Every structure is written in structure tokens, then in C-alpha cells.
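Below is one structure, written out as C-alpha cells, with a few remarks after it.
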Amino acid sequence: MTSTVLLITGFRPPHSAMPRYDFRRIESRWQQYWEQHQTFRVEDCVADKPKMYVLDMFPYPSGEGLHVGHPEGYTATDIVCRYSRMRGRNVLHPMGWDAFGLPAEEFARKMNVHPRIKTEENINTFRRQLKMLGFSYDWSRELSTTDPDYYRWTQWIFLQIFDTWYDAECVWTGPDGVQRRGRGRPIAELPIPAEVAAAGQAAVRRYQDQQRLAILSEAPVNWCPELGTVLANEEVVDGVSERGGHPVVRMNLKQWMLRITAYGDRLADELADLSWPDSIKLMQRNWIGRSVGAEVDFRVATTAQAQQAWQQSRAAGGFPVRAESDVIRIYTTRPDTLYGVTYMVLSPEHPLVDQLTTAEQQAAVQQYRQQAAMKSELERTDLAKTKTGVFTGSYAINPVNGQPVPVWIADYVLISYGTGAIMAVPGHDERDYEFACQYQIPIVQVVAAASADGPQADLSVAAFCELGVAVNSGPWDGMRTEDVKQRITADLAARGLGREAVNFRLRDWLFSRQRYWGEPFPIWHELDADGQPTGLLRADPVQSLPVLHPHVEDFQPTGTPEPMLSKATGDWLYRTAEDGVRLKRETNSMPQWAGSCWYYLRFCDNRNSDCFIDPRKERYWLPVDLYVGGAEHAVLHLLYSRFWHKVLFDRGYVSHPEPFRRLVNQGMILGENGEKMSKSRGNVVNPEQVVNDRGADSLRLYEMFMGPLEQVKPWQTSGVEGVYRFLSRVWRMIVDDRAEQVVLDAAVQDVAATPEQLRILHQTIRAVTDDIERMAFNTAISRMMEFTNAMSGQAVRPKCVLESFVLLLSPFAPHIAEELWSALGHAQTLAYEPWPQADPQWLVEESVEVPVQVNGKLRTRIVVPVDTAADVLQATAEADEVVRRQLEGKTVVKVVVVPGRLVNFVVR
RNA sequence: GCCGGAGUGGCGAAAUGGCAGACGCGCCGGAUUCAAAAUCCGGUAUGGGUAAAACCAUGUGUGGGUUCGAGUCCCACCUCCGGUACCA
């Protein structure tokens, strides 16, 4: 009875088998297939395939799970990888976890669960969510920075840095065949001055310890009591911690510093050859902030004879490495303005301040220094509206003209930059100008405008900071600024009073933290008989690595700058060496940046227990061909990684000077309201939800269809709907959605394609291919939509055309593509099918529509054969009715004819 | 302040100096349906014009410039976003 009714009404039973595009079934099926068949496992060092290393910035596995921002970059790289495999490349596409860090430790503190447990839980969530999206990672290469097998080698690299000193004069040629000046060399090769050698073994060791690239030094640091750790300058924003916004105070602590500044020149110069966005290169260059100028010595004023004697000794002995105790050494980028110096400024922390302060000024200076010390970084920058300072009572002699100038202290001069002291030229420096006005210090003009039409100097209004010509500058008057700089520096150098100098805005990298959940340092402190540190250090032997975390009972912060690891028991903290020396372990831990500095190397060889990377694999895979991640890492992570890489390069462990050949930054995805996504704004989109609603292929496609990868763009849930509809149309174009099984639609036939169909196909192949090469995924998807719109209307859809199309679609929407490929009769995955080739024969249209303009305004369009010559094209245009009317009664002055593009009549 | 990047329909966007708005969303109309969903077809920058078309004018943040021709190149400015902040 039922069947009768069915026949009469044409009603078909709902069939669960698979009529429609059922993404749930398709996606889980193909994810299982890839996993079972190890489809994306990659071999190292394959000789007959060109390699391609495509890397995502690995995520911090937060407790929140995946964010829609993650799949943006990951989808882009996955498309490139899948495409590249089909183009015959051997593709390395790994994923891992940057899993050390404070949140897991905070959680441990609240819940008393070991950070490792929470970390593993978070990683499991992230891995599950990423696998849902169908990325073609080689999961056998997965790693976490928190794996002892991984951080063993992080510690090992630290020891290499510890074992290295920077020989700035060394000229050498690397394995890349490029000659460089400056090289990190083994500390054992450091020349020891005779007097140090004579002072004994301990003196030699202390001397070496000062020259290493990793040194312990007493430095003013940002201590955050709330977080229980010191923070790098970069982690402090406006005087509070970047994470959590807790107050930060400055204090002096002994901390590990990595001497990244030694590599400042190379880090800046070697950006040149990288395929990175210019804006990122510029940001790095600005961050490094290399400037060229001069160091100049000003002797504290005493008697004329003493001054003369000093100058004579300098003329004879040259410019010393360290200035004498009565000499103020300054750094300036404008040595040409030396004649305009009307005062000098020492930073309040400068070691000469006490010595220079006269009895009358004692109280004022003392008070000022105390104030400055108490000011946080925030206040010091915030209160910068009006400059403050105090006169020390002393004068120094200007080496170019013998004039005495007063010496002040002021907190607008930073102890950490240059020499911590400046010559002040209020006429030609904004800050000095402001200060001089504040304290009625004379302002002298020594630079005049170079020409009448450029910016002019008016020192009654503002400092004149432009280049120009020297005035009031003795022998240099009339010379151009650039020339005076050169010659005055040379002149000072000849007299032993100055020299050319280079400075960096970049500071050395504060490399220790006081947290539990970071890599322990493989370093011991020697103790004396009383159990006090002697200041001498010992490195763990590399065979004994990793230094594992100690067991601790609770994760409450110590409340003091004493590191968390100091809560460890004695057997972790202390040891007696073979020679009987009592040792205490270093209890600081490494910052989160450490693990991410070199993970791209370990992906090439993540199971190696003999070395951090097999040199053969390093030479095969490195450098990374494409690195995609957020612009928030534009400076720090990328600079730190490059630094470590260069140390490893100098020490012969890696063969390329740079780790990342090409860099692309994805733009942030905003909430639907155009604001940054955040819990507090309530506009967070959960990718897992999108996958459940519309499938991974739709999510991937939408993330790419939103707009250019690099651009910031708002999320639109209706847009996901749009690409889902597109995938449904693709499905119906090939599969009969009325059948109970996945069978081809009756229109899909094994026949030859028509010329029109071939033209559409090959134009699509060409456009999609070009767009993938340009990483313009949004337009590639548009082209596939156009193809689908055109082909769906065809009564007969040749199978061969659809097969090529499915291959084009597969990098973007791999699950549906695999399913369709299988429906089209293929037993194997399409992951390694050759990428379709555009046949030039079908790329040319037979005729073309050419716009005709009159005076640049579009008047009509004419259709002509595609290769119509210029004169014929013009004649055709002139013959056109609309054009004739437009040209009537006017004089044609000129005709612009671009064959195949346009005709333009210029008339009067 | 300084250094980057970006301003194009109702929205996301597209456009080697050569037809502005491809593609998608939304909306409007139609087909299918008892009805709805889904699907399919058509339309959709603005103003004028027309019964409807044709057609005309305007239009890529603002103002200028180069050019036969400018969203695209140059100059000045405005707005938004990102970076940076006394670096001598």
C-alpha cells in the first residue's frame, strides 16, 4: 500500500544512505582513511623530489581550545602543502605545541594539579580539534616544548650559547659561501690577556664568564610580584605586565642575559635577502635600531695644565677602550654639532655622578637620584611632559674648542643606552632644547639651513634637527652636515679624543624567569666552604641532559624574587662534584621564548636522541620555505629565533644563516561586530561549533574566502552558509542526490568535452593555480564558484572535466574532494594525483569585447576577433553607430588603440 | 610625536595604469510546493529619464597633479587599525 502511495505522489522516502552532501559522514571517513593509510607521512632526504618545508607558528595550547584565528593560517599552509604535493614536492608540514608558560602554572596554583597534567589535557584538546579540520600534518613529527626529549635539546642549545663568545673582528666564510665579519666562537678559543692568565685559573674563568653570549649579570629588571617573576622589557606594557595587567617594579637582580646585541649588525643586515613583508623587516630594523655616530671624551674641568697634559697623552696613546675616571664618555649621532654643546647630561645612575657632584649640589643631586630610582618605568615615561634635572656643580671641557660646559644629571638620559651620558646640543636636538628652555641654558646655533627653499632654522621657536651646513663651528663653517660628521670624527680620532661608534636600540635579552613551568638551566653555582656562591659557574655535561623539573609540593609563588625552583628538595638543589666542590643548581628557569626559538629544527628530526638534528636532515629541509603566523610575533619571536639560529650557524651546527626564507603574516579575524574577539565582548566564534554545523570543509573554505590572508577581517556567519551552499552545489553537480547510494548524476558522462567546457575548465585551472601561487585563496575560490555556476547548467557534464575540477578543489576542501574523487571511480586518495595543467590551446578566446572610449569615457563596446590588428580595430570602432554619433562634428585629435584592450578617441 | 598598513555598494570583497563593483552574503521578484524548508531562475551603486527600455549624469576618504585614460602613479590632508615611544 505504501508503495502505491509513493508512486502516485512521487514522494520519496528519506534515505539515510547518502543523498545529500553529508559532511559529517564524509569528513570522519576521510580523516580515518588518511590516518590509517599514513597518507601525509613524509620521508626525509628524498633525492628525486624537491623539498618544501611549510611551517605554521605552533600554538600555545590554552585551556580555551582552538580559536577561529588558528585555522586561518593553518588552512592557508595546508592548501599550499596539498597543492605542492600534487606538484611533486616532498612536503614537510608538521605541528607541535609551545606548551610552557604561566597559565598552566596559575592553574596548578589554584587547583594544585601539576602543570604537566593540565598541559597534556590542553594539548589533547588542541590535537583533537586540529584533526577535525583535516590538516595534512605529518603527526609522527609532533612535539611539545615541554617534552623532556625536546627541552633536553633546548638546554643543550643554551649550553652552546653559554660556550660561545663573539669575536667581532673575525672574518670568515660560512658554509653558504658568504664572507662575514664577526663570529660566535668556542669560549676555549677566547684569547686570555696575560695579566688575567697570570692571576690564576679562577681569574681566567671569571674573565671567560664575562665574555660568553650567556652571562649572569646584575641588572635592573621588571619584577612582577603578582606573577612571581621578572619580565622582559617586551612583556611590560605601560608599566604593567602584558599578561594580566599587574604592577611591575624595578629592582636589581642577578639574571641571565643573552648577548643578542652582539649579533645586532647581522640581524639587521641579513634581513635583506629574506622574502618577508617589507613592513616586518622594517619593524625588526627599527627594533634593532642601529645608529652610527661617535663616542667623544669630555674631560672634567680642572686646570689648564692638566687638560693640556691629558690631551698630549691622548694624542700619543690614542683613544682608550675605557675612559679614565675623570673623563665623561658620550655617544652622539651628531658629532657635527660639537660646537653647539652648552651642557652635558649624565643619567642619574651613571657611575661618575658621585665624583662629579660638588659639595653645594650634594643634597639636590642625592634627592634627585633617589626620586629617579623610585620612579617606575611608567612614571619615568609618563612624567616626560616636562623634563627635570639637577646641576652637579662640575664642568667638563669640550674637546673641540676647550670651552667648559656644565654637567647635569637628568632622567631623560638612560643609563642603558649608549654610554649613559650625552653632550647636549639644545639648538639641534628637541629634547635638549626642551631641557635648556626649562633651565635657561644657552642655546647656540651651529647648523644652518642648506638652502633657502628647505626647512629653515628658528631657534627661538624650536630646535633645528635637519641636516644643513655648519656655522659657528670654527674650521668647519660652511661645510655640509654629512661631511662635518665624517671629518670631525676623524679629527677627534687622530687626537685620541673620539672614534666612530655604532649603537643599538636593541638590548640584551633578559633570559631568566622565576617560574616553575619553564626549562631549568643546566648550570651549577660553585659554593665556598660556608655554602656561599663563589660566582664561578659549571655547566652540566651534555650527556646528563635533560635537567628535569624537581618535585615541588605546592605551586604558590614564593612572594619574593626567589625562583619557584628553589622550593625543590636538597637532592635536586645540591650536589658535590667529583673534585669535591659543593654545587648549587641554578634555580631560574627559561622564558617561554626559549622553546619556540628552535622548534622548526626539531621537526626535521624529532626522534633523534643523539643530537638535536641530524646534519644531513638539516641540510635537506632547512631553511623553512614558508612560515605563516600572526604579526604579533613580527619582532620578538622572529628576532630571538634568528639570533639562536645564527649562533648555531657560527658554531657549525646549521648550514644556513637564516631559518625562515619566506614569511607571511595572516591578518586577525575580528568578531561579527568588527571588534577584536574576546570573551568579555561576547563575540567569540568557536571553530568546533562551525565544524559541527557546517563541516570542516566549509570552515576552511570560508576562512580563505573572507578576504586576503594578510588582511584584518570580520567574521560573518552567513558567509559560512554561503560557502556551504557552494559545496552543496559542487556535490549535486557530480552526485545524484536522489539516489540512495553515492552514484554519479545522470548528466555526468564519460564523453569528450565541448570546446566551451574545455575553455571554462582550463581557464579555471590557470586562474586557481596562479592564485594559489600568489596565496590569493579568496579569488581562487571565486573562480571555482564561477566554474560550478557554469558547469551545473550543462545538460551533459563530461567526467574528465569534473575530475580535473575536483583536483583543483581538493587543497581547499579535501574531504568532499576525496569523496567525489572516489565517486568518480578512483580507489586511491587524490593527495598525490598530478595537479591539472592548463592547456594553452583553451586559454585563448575566439573573440573579445573591446571598450570604446571618447575622451576617456566609455561610450560602447565592440566585439572583434581576439587578434584584431590595431588599424582594423580602430576602423571597426569608427564604423560603430554609437561612436559615429559621438564623433559627429568634432575633430579627432588622437586615437589610442590597444589591440585586444581598448580604443580611445581624443576629440575637440 | 615617529614608523607602517588600510579607506571601493547595505555587508565581506574583486580589479598587470585600460569596461569599477567579479565572487559571496543580504535584500527584492519569480518558479517549484497544499504550505514551508531546501533548490532553481531573474534583479540589485546613486541620481535623472522611460510604460519598460534605450539613454544621460555622478561615483573607489578629501583636495590638487601626471596621463589619451587613475581605485591603481605623484603631492598635501582627513579618518581608522597596527607598531613604537625621551635610544642622543
Side-chain angles (χ1 to χ4, degrees), chain A residues 20 237-238 277-283 285-287 289-291 293-294 330-334 337 345 347 380-385 387 410-414 416-425 428-432 434-435 465 503-507 631-632 634-635 665 667-668 670 672 674 676 701-702 705-708 710-723 725-726 728-729 732 737 776 778-786 788-789 792-793 849-861 882 893-898 900-907:
Chain A
R20 293 237 186 118
V237 180
D238 294 333
D278 287 335
S279 60
I280 301 291
K281 289 188 182 183
L282 194 70
M283 277 165 78
R285 283 203 190 92
N286 289 344
W287 190 267
R290 184 188 139 104
S291 71
I330 59 94
Y331 171 74
T332 179
T333 55
R334 291 293 301 271
T337 60
V345 185
S347 101
R380 233 164 131 154
T381 45
D382 230 34
L383 297 178
K385 299 284 175 263
K387 294 198 174 2
D411 67 2
Y412 81 90
V413 173
L414 309 176
S416 51
Y417 183 79
T419 59
I422 61 157
M423 63 179 212
V425 186
H428 306 285
D429 180 280
E430 274 178 45
R431 297 148 302 182
D432 297 344
E434 195 192 319
F435 190 84
C465 304
N503 254 298
F504 295 96
R505 206 194 77 109
L506 180 70
R507 301 298 152 79
E632 66 272 21
V635 177
N665 289 117
M668 209 189 339
L670 305 175
E672 243 169 320
K676 215 169 168 169
L701 215 51
Y702 175 62
F705 187 60
M706 289 172 83
E710 293 94 330
Q711 198 167 301
V712 177
K713 41 208 177 281
W715 183 270
Q716 279 186 313
T717 298
S718 59
V720 184
E721 188 64 30
V723 293
R725 290 212 281 255
F726 162 63
S728 303
R729 277 204 305 281
R732 287 193 305 270
D737 69 333
N778 53 331
T779 48
I781 294 167
S782 296
R783 299 307 293 254
M784 291 190 285
M785 287 173 168
E786 287 178 290
T788 306
N789 291 344
S792 296
E849 196 180 60
V850 175
V852 181
Q853 300 179 338
V854 176
N855 282 344
K857 280 185 186 162
L858 177 72
R859 289 303 169 185
T860 191
R861 306 176 174 96
V882 178
V893 183
K894 184 179 177 181
V895 184
V896 181
V897 183
V898 184
R901 298 298 301 187
L902 106 165
V903 181
N904 185 16
F905 295 94
V906 185
V907 300

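Reminder, nothing fancy here: chain letters follow the sequence lines and each chain counts from 1. These numbers were taken from a predicted model, which means no experiment stands behind them.
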Distance in Å, Ile280(A) CD1 paired with Trp287(A) CH2, rounded so as to fall on 0.5 Å steps
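Between atom CD1 of Ile280(A) and atom CH2 of Trp287(A) there are 13.0 Å.
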
Nearest 0.5 Å please: distance from the NZ atom of Lys387(A) over to the CG atom of Asp432(A).
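Lys387(A) atom NZ to Asp432(A) atom CG measures 9.0 Å (nearest 0.5 Å).
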
Proximal nucleotide (of [options]) relative to the [X] side chain:
{"X": "Tyr417(A)", "options": "rC68(B), rA88(B), rG83(B)", "value": "rA88(B)"}
{"X": "Gln711(A)", "options": "rC3(B), rC68(B), rA13(B)", "value": "rA13(B)"}
{"X": "Thr332(A)", "options": "rC56(B), rC40(B), rA88(B)", "value": "rA88(B)"}
{"X": "Leu282(A)", "options": "rC86(B), rU84(B), rC3(B)", "value": "rC3(B)"}

When the [atom1] atoms of [N] and [M] are considered, how many whole Å apart are they?
{"N": "rG18(B)", "M": "rU67(B)", "atom1": "C1'", "answer": "12 Å"}
{"N": "rG71(B)", "M": "rG17(B)", "atom1": "P", "answer": "13 Å"}
{"N": "rU62(B)", "M": "rG7(B)", "atom1": "P", "answer": "13 Å"}
{"N": "rC23(B)", "M": "rC40(B)", "atom1": "P", "answer": "15 Å"}
{"N": "rG30(B)", "M": "rA37(B)", "atom1": "P", "answer": "14 Å"}
{"N": "rA70(B)", "M": "rA15(B)", "atom1": "C1'", "answer": "13 Å"}
{"N": "rG9(B)", "M": "rG5(B)", "atom1": "C1'", "answer": "23 Å"}
{"N": "rC56(B)", "M": "rA6(B)", "atom1": "C1'", "answer": "35 Å"}

Give a yes or no on whether the backbone of [Y] and the side-chain of [X] come within a donor-acceptor separation of less than 3.5 Å.
{"X": "Gln716(A)", "Y": "Glu672(A)", "result": "no"}
{"X": "Lys281(A)", "Y": "Ser279(A)", "result": "no"}
{"X": "Asn503(A)", "Y": "Tyr417(A)", "result": "no"}

Given a 3.5 Å cut-off on both pairing distances, which stems involving RNA chain B, each at least three consecutive Watson-Crick or G-U pairs, are present, if any?
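Consecutive-pair runs (3 or more) involving RNA chain B: B:1-7 with B:78-84, B:10-12 with B:23-25, B:26-31 with B:39-44, B:45-48 with B:55-58, B:61-65 with B:73-77.
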
Nearest-angstrom distance from the residue atom [atom1] of [X] to [atom2] of [N]:
{"X": "Met668(A)", "N": "rC80(B)", "atom1": "CE", "atom2": "C1'", "value": "13 Å"}
{"X": "Leu506(A)", "N": "rA88(B)", "atom1": "CG", "atom2": "P", "value": "13 Å"}
{"X": "Ile280(A)", "N": "rG5(B)", "atom1": "CD1", "atom2": "C1'", "value": "11 Å"}
{"X": "Asp432(A)", "N": "rC86(B)", "atom1": "CG", "atom2": "C1'", "value": "10 Å"}
{"X": "Trp287(A)", "N": "rG4(B)", "atom1": "CH2", "atom2": "P", "value": "18 Å"}
{"X": "Glu710(A)", "N": "rA6(B)", "atom1": "CD", "atom2": "P", "value": "11 Å"}
{"X": "Met784(A)", "N": "rA14(B)", "atom1": "CE", "atom2": "P", "value": "16 Å"}
{"X": "Arg505(A)", "N": "rC2(B)", "atom1": "CZ", "atom2": "P", "value": "17 Å"}

Heavy atoms under 4.0 Å, any strand shown: does Arg859(A) hit a base, just sugar-phosphate, or nothing?
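Answer is sugar-phosphate: Arg859(A) comes under 4.0 Å of backbone atoms only.
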
Base, sugar-phosphate, or nothing: which does Ser291(A) touch, judged by heavy atoms less than 4.0 Å apart?
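Ser291(A): backbone/sugar contact only, no base atoms under 4.0 Å.
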
At under 4.0 Å between heavy atoms, how does the protein contact nucleotides 16-24 of chain B? Give one character per nucleotide, 5' to 3', with B, S or -.
--BB--BBS

Contacts of Arg334(A) that satisfy salt bridge (charged side-chain N to carboxylate O under 4.0 Å, His left out) - sequence neighbours left out
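Once residues adjacent in sequence are excluded, the partners of Arg334(A) under the salt bridge (charged side-chain N to carboxylate O under 4.0 Å, His left out) criterion are Asp336(A).
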
Taking O4'-C1'-N9-C4 for purines and O4'-C1'-N1-C2 for pyrimidines, is rG9(B) syn (within 90° of 0) or anti?
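Syn for rG9(B); the angle stays within 90° of 0.
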
Pairwise 5' ranking along RNA chain B for Phe504(A) and Pro714(A), keeping only the more 5' one:
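Counting from the 5' end, the first nearest nucleotide belongs to Pro714(A).
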
On RNA chain B, nearest-nucleotide positions of Lys857(A) versus Arg334(A): which is more 5'?
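So the residue in question is Lys857(A).
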
Return the set of residues passing ring pair (Phe, Tyr, Trp, His ring centres under 6.0 Å) with Tyr702(A) (not counting sequence neighbours), or none when no residue passes.
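In terms of ring pair (Phe, Tyr, Trp, His ring centres under 6.0 Å), with neighbours along the sequence ignored, Tyr702(A) is linked to Trp715(A).
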
Ignoring backbone atoms, test whether Lys713(A) places a side-chain nitrogen or oxygen under 4.0 Å from the OP1 or OP2 oxygen of rG12(B).
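No, Lys713(A) has no side-chain N/O under 4.0 Å of OP1/OP2 on rG12(B).
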
Could you verify whether a donor N or O on one side chain and an acceptor N or O on the other, from Arg732(A) and Ser792(A), lie under 3.5 Å apart?
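The answer is no; no qualifying pair exists.
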
Regarding Ser291(A) and Tyr331(A), is there a side-chain donor-to-acceptor distance under 3.5 Å anywhere?
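Side chains of Ser291(A) and Tyr331(A): pair found under 3.5 Å.
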
Kindly write out the residues that satisfy side-chain contact (heavy atoms from CB on, under 4.5 Å) with Val896(A), not counting sequence neighbours, or none if the list is empty.
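Val896(A) satisfies side-chain contact (heavy atoms from CB on, under 4.5 Å) with Lys894(A), Val898(A), Asn904(A) only.
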
Sequence neighbours excluded, which residues qualify as side-chain contact (heavy atoms from CB on, under 4.5 Å) partners of Ala631(A)?
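Once residues adjacent in sequence are excluded, the partners of Ala631(A) under the side-chain contact (heavy atoms from CB on, under 4.5 Å) criterion are Asn665(A).
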
